[in-house]
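Take a look at the structure below.
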Amino acid sequence: MPLNASVRTLKGVGEKRAALYEKMGIRTVVDLLGHYPRGYEDWSHPVPLSQVTPGEPCCVRGWVASTPTEHRVRKGMTLYKFRVTDGYQTLQVTLFNNPYAAAKIRRDQEILLYGTVVSDGRRAEMTSPQIETAAGARIRPIYPRTEGLTGKMIETNVAQALDLARRVGLPEILPEETVRREGLCDRLTAIESIHFPADGQAVEEARRRLVFEELFVLQLGLLRLKSRSRQQSGAVIAADRTAEYVAGLPFALTGAQRRAIADCVADLQGHRPMSRLVQGDVGSGKTAVAAGVAYSLIRGGWQAAMMAPTEILAEQHAATLQKLLGDRVRVGLLTGSLPAARRRALQQAIAAGEIDLVVGTHALISESVQFARLGLVITDEQHRFGVAQQARLASKGHNPHLLVMSATPIPRTLALILYGDLDVSVLDELPPGRQPVETYAVGGDKRERAYGYVRKHLDQGRQGFIVCPLVEESEEAGDLRSATEVFRQLQEGPFRGYRLGLLHGRMKAAEKEKTMAAFAAGEIQLLVSTTVIEVGVDVPNAVIMVVENADRFGLAQLHQLRGRVGRGQHRSTCILISDNRGEDTRRRLSVMCATNDGFKIADEDLKLRGPGDFFGNRQHGLPQLKVADLLDDMPLLQRAQSSAAALLGADPDLGGHPLLRQAVERLFAQVGEQGLN
Ligand code: ADP
Ligand code: MG
C-alpha cells in the first residue's frame with residue numbers, strides 16, 4: 001500500500017529530511033499522517049491593525065507600503081525593515097538575517113503577518129513575524145518538530161500525504177456499527193481536519209473521533225489481557241501457610257501487610273486466577289507481602305516469578321526474598337549479565353522445578369526460559385513495565401496468578417475503568433518506628449551549608465545522594481544543574497577525598513549496575529545521579545539527599561526520590577534546592593516539607609498541576625496515548641470500554657478485524673520498549 005511507503009516517496013524529502021523525520025519516529029507516509037499538530041495558529045481571521053492587542057500573538061493583514069531596506073548592524077547581523085499598511089495605520093516590520101524572506105516582499109502586495117505587535121503608543125512594530133501570501137488565511141497547524149525541520153516543511157509534506165490518502169483511500173479501522181452509533185466522522189475526514197481544520201468545530205470533531213479510536217484500541221488491548229480472568233486458574237492451592245511464613249520473619253508484619261497477604265492467599269485458593277494490585281507507599285513493605293504470598297503458593301507445590309526493572313533491583317530482591325522466605329524456598333536470580341554456562345544451568349533447574357522463586361529482569365521473558373509449574377507472576381513498580389510484558393511472562397504458565405506491586409497512587413475511579421476487574425489491596429500503614437524524612441526547601445545560596453551537612457553524615461559512615469535534573473550541560477537548559485558537571489565540581493572541590501559515584505541514564509547498563517552495586521556495598525559514599533535512582537533502590541545506610549533544581553520535578557517524583565532515604569534506623573534528611581521563588585514553587589515544595597504521605601502528595605500534585613502532567617509521565621504503565629487524556633476524556637473512555645467489550649464478545653481474537661488487531665499490537669508493542677530514563 002502506497003501509504004506504507006517511506007516518506008522519501010514524497011516530493012522534497014531526500015535523505016537528509018528523511019533522517020530528521022526518522023528522529024521523530026516518522027518513517028512512512030502513514031506515520032506522517034499520524035504526526036498530529038500540538039496546537040494551531042489562527043490565520044483565518046486576520047485583524048485590522050487598529051484592533052491589535054499589543055503583546056499577544058496575532059495575525060494581521062496589510063499591504064506592503066515600502067520594500068525592505070537592508071541595515072547591516074554588525075558582522076553577521078543584517079536587518080531588513082519594511083512597512084505594511086492597512087490603509088489607516090502603518091506597521092513597521094523587522095526581519096533578522098533573512099534575505100530570502102525579504103527578497104520575496106513586493107510593494108503593494110497583500111500579505112499576512114503572524115507575530116506579536118509591540119507598540120510605544122506612536123509606532124507599532126513587529127519583529128521576525130511569519131509571512132504568508134493572502135491565500136494563507138486559514139487555521140494553521142503547529143507541529144512538534146526537531147532541529148532542521150521547519151513547520152512549513154512538515155505542513156507541505158503532510159498536505160502531500162493527505163493528497164495521496166485521498167487518492168488511494170484510508171481504510172476504516174473501527175467497526176462500521178461503532179462509527180455510526182457513536183456519531184463519529186470517518187477516518188480520512190478526521191485526519192484531514194486535525195491537520196488542516198476549517199474551524200474550531202472541525203478540530204473538535206476530529207479530535208473526538210481520534211480520541212475514541214485511541215481509547216477503543218487501548219480498551220481492546222486491556223480487555224484482551226484481562227480476558228484470562230474468566231478462565232480457570234491453573235494453580236489452586238489448598239492451604240494458607242502464612243503462619244509458617246510469619247514465624248520465620250525477623251519482624252512482625254503490620255496490620256496492612258497481614259490483610260494484603262490474606263486477600264491474596266484467599267485469591268490463590270479460589271478457582272479464578274488472581275489479578276491483584278498491592279498499592280503501598282514507598283517503604284510500606286511491599287516486598288514482605290510478595291514474599292508472604294509466594295510462600296503459600298510455593299509450599300503448595302508451585303513456582304513463582306518476580307520481574308524487576310533493573311539488574312540491581314533484581315539482585316536486591318533475590319537476596320531480600322531469600323532472607324524472608326528461609327531455606328525451605330529455593331530462590332534463583334536470572335539476569336542478562338549471567339555468564340552463559342550459569343544461565344543454562346539455572347534455566348535447566350527452573351525447567352526441572354528445582355527453583356521455587358525466580359527473580360529476574362527482562363531476561364525472564366526470553367523464550368528460552370521455561371517453567372515446570374509457574375503459578376504466580378509478581379511485578380514490582382508496575383509503572384516501569386508494560387502490561388504486555390507481564391502478560392508475556394504469564395504465558396509461561398497455565399493461567400498463573402498475577403500480583404502487581406506499585407507505589408503510584410492512581411485515583412480509584414480511573415483504576416476501575418482501566419483495570420476493571422483488577423482487585424486492589426492498599427498498604428495504608430508503615431512499619432513501626434519509621435521516622436519521617438525531614439525535608440527542607442532552601443535557595444542555592446545555602447548550597448555550601450548543605451554540602452557541609454552532607455560531609456558530616458559521610459564522616460559518620462553514612463551515605464547520600466545528590467540528584468540533578470540533567471545528565472549533561474546543554475545550551476537551552478539555562479541554569480539547570482547536570483549530574484556530570486556537578487559530579488566533576490564536587491569531586492574537585494567540596495568533596496575532594498570522598499568516594500563519589502556518578503549515575504545517569506546514558507551510561508551503559510553494565511556501568512550503571514556496577515556503580516549501583518558499589519553504592520549498595522558502601523564503596524561509594526556519595527552518589528551524584530539523575531532520576532534513575534527513583535525506582536526501588538534500597539540502601540538503608542543512605543540518609544541524606546540533596547535535590548538540585550527541585551522545582552523541576554513533579555511532587556510524585558520528588559516523593560519517589562526521597563523514598564531512597566529514610567529506609568533504615570537512622571534519621572534521614574532531604575534538602576530541596578531551588579532558586580525559583582515563585583509562589584507556585586513555594587507551595588509545591590512546602591507540601592514536600594509538610595508531609596511524607598505519598599497519597600496526600602499525589603492528591604496535592606493533582607490539585608496543583610492538573611491531571612495532564614500527573615499522567616503525562618507514563619506513571620500508569622499504560623501505552624503512551626497521542627491524543628487522549630485519560631482524565632479529561634473519561635466519558636469517552638467509558639464508552640470506548642463498553643464498545644470494545646461488545647466487539648470482543650462477538651470476535652474474541654479480532655480475527656474478523658485484522659486492522660484493529662494490528663493497531664492493538666502496535667499500541668502495546670511500544671510499552672515493551674520503555675526503559676529507564
Ligand atoms: P517498599 O514498599 O517500598 O517496596 P520494602 O519492601 O523495600 O518497601 O520495605 C522497606 C523496608 O522495610 C525494608 O528494609 C524491609 O525489610 C522493612 N520492613 C518491611 N516490613 C516491615 C515490618 N513489618 N516491620 C519492620 N520492617 C519492615
Ligand atoms: Mg519496593
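Note that this is a predicted model, so its numbers are computed, not measured.
Counting only heavy atoms from C-beta outward, the side chains of Glu182 and Arg639 approach each other to under 4.5 Å. With a 4.5 Å cut-off on side-chain heavy atoms, Val369 and Leu393 do not count as touching. Counting heavy atoms from C-beta on, the side chains of Ile378 and Met307 never come closer than 4.5 Å. The side-chain heavy atoms of Leu215 and Gln641, taken from C-beta on, include no pair separated by under 4.5 Å.
Of all heavy-atom pairs between Ala290 and Met306, the closest is CB-CE, 4.5 Å. Nearest heavy-atom pair, Ala256 versus Asp428, reported as atom, atom and distance to 0.1 Å: CB-OD1, 3.6 Å. Contact record, Ala161 with Leu33: CB-CD2, 3.7 Å, taken as the closest heavy-atom pair. Closest of all the heavy-atom pairs between Pro2 and Leu164 is O-CD2, 4.1 Å. Leu376 and Pro400 make their closest contact through N-CB, 3.9 Å (heavy atoms, listed as atom of the first residue, atom of the second, distance). Contact record, Met126 with Thr116: CG-O, 3.5 Å, taken as the closest heavy-atom pair.
In this structure, CD in Glu22 is found 12.0 Å from OG1 in Thr146, a value given to the nearest 0.5 Å. How far CG of Leu223 is from CG of Leu648: 5.5 Å, rounded to the nearest 0.5 Å. One distance of note links CZ of Arg207 with OG of Ser193; it measures 14.0 Å at 0.5 Å rounding. Rounding to the nearest 0.5 Å gives a distance of 11.0 Å between CG of Leu297 and CD of Gln269. Rounded to the nearest 0.5 angstrom, Ser6 OG and Arg27 CZ are separated by 10.5 Å. With rounding to the nearest 0.5 angstrom, the CD atom of Gln638 is 12.0 Å from the CG atom of Asp633.
A salt bridge is absent between Glu147 and Lys23; no separation between the charged side-chain nitrogens and carboxylate oxygens falls under 4.0 Å. Of the charged side-chain nitrogens involved, at least one lies within less than 4.0 Å of a carboxylate oxygen, so that Asp267 and Arg276 count as a salt-bridged pair. Ion pairing between Glu132 and Lys152 holds under the 4.0 Å rule for side-chain N and carboxylate O. With respect to Glu177 and Arg181, a salt bridge is recorded, a charged nitrogen being found less than 4.0 Å from a carboxylate O. Look at Arg166 and Asp163 and you find a salt bridge, because one of the NZ, NE, NH1 or NH2 atoms lies within 4.0 Å of a carboxylate O, short of that distance.
Scored by the salt bridge (Lys or Arg N to Asp or Glu O under 4.0 Å) test, Glu155 finds Arg138, Arg140 as partners (sequence neighbours excluded). Residues passing the salt bridge (Lys or Arg N to Asp or Glu O under 4.0 Å) test with Asp199, sequence neighbours excluded: none. Checked against salt bridge (Lys or Arg N to Asp or Glu O under 4.0 Å), Arg208 has no partners two or more places apart in sequence or in another chain.
Paired with Glu172 under the rule side chain to side chain contact (heavy atoms under 4.5 Å, CB included), one option of Val179, Thr178, Leu188 passes, and it is Val179.
Every pair passing ring-ring contact (aromatic ring centres under 6.0 Å, His included) that includes a residue from residues 36-59 is listed here, sequence neighbours excluded: Trp43-Tyr114. Annotation: side-chain hydrogen bond (donor to acceptor under 3.5 Å, both in side chains) contacts involving residues 12-21, sequence neighbours excluded, comprise Arg17-Asn157, Tyr21-Asn157. Every pair passing ring-ring contact (aromatic ring centres under 6.0 Å, His included) that includes a residue from residues 142-175 is listed here, sequence neighbours excluded: His35-Tyr143, Tyr143-His195.
Side-chain N/O atoms of His559 and Asp281 include a donor and acceptor closer than 3.5 Å. If you check the side chains of Asn4 and Thr28, you find no donor sitting under 3.5 Å from an acceptor.
Lys286 places no side-chain N or O within 3.5 Å of a backbone atom of Val278 that could act as its donor or acceptor partner. The closest donor-acceptor contact from the side chain of Arg588 to the backbone of Phe553 lies under 3.5 Å.
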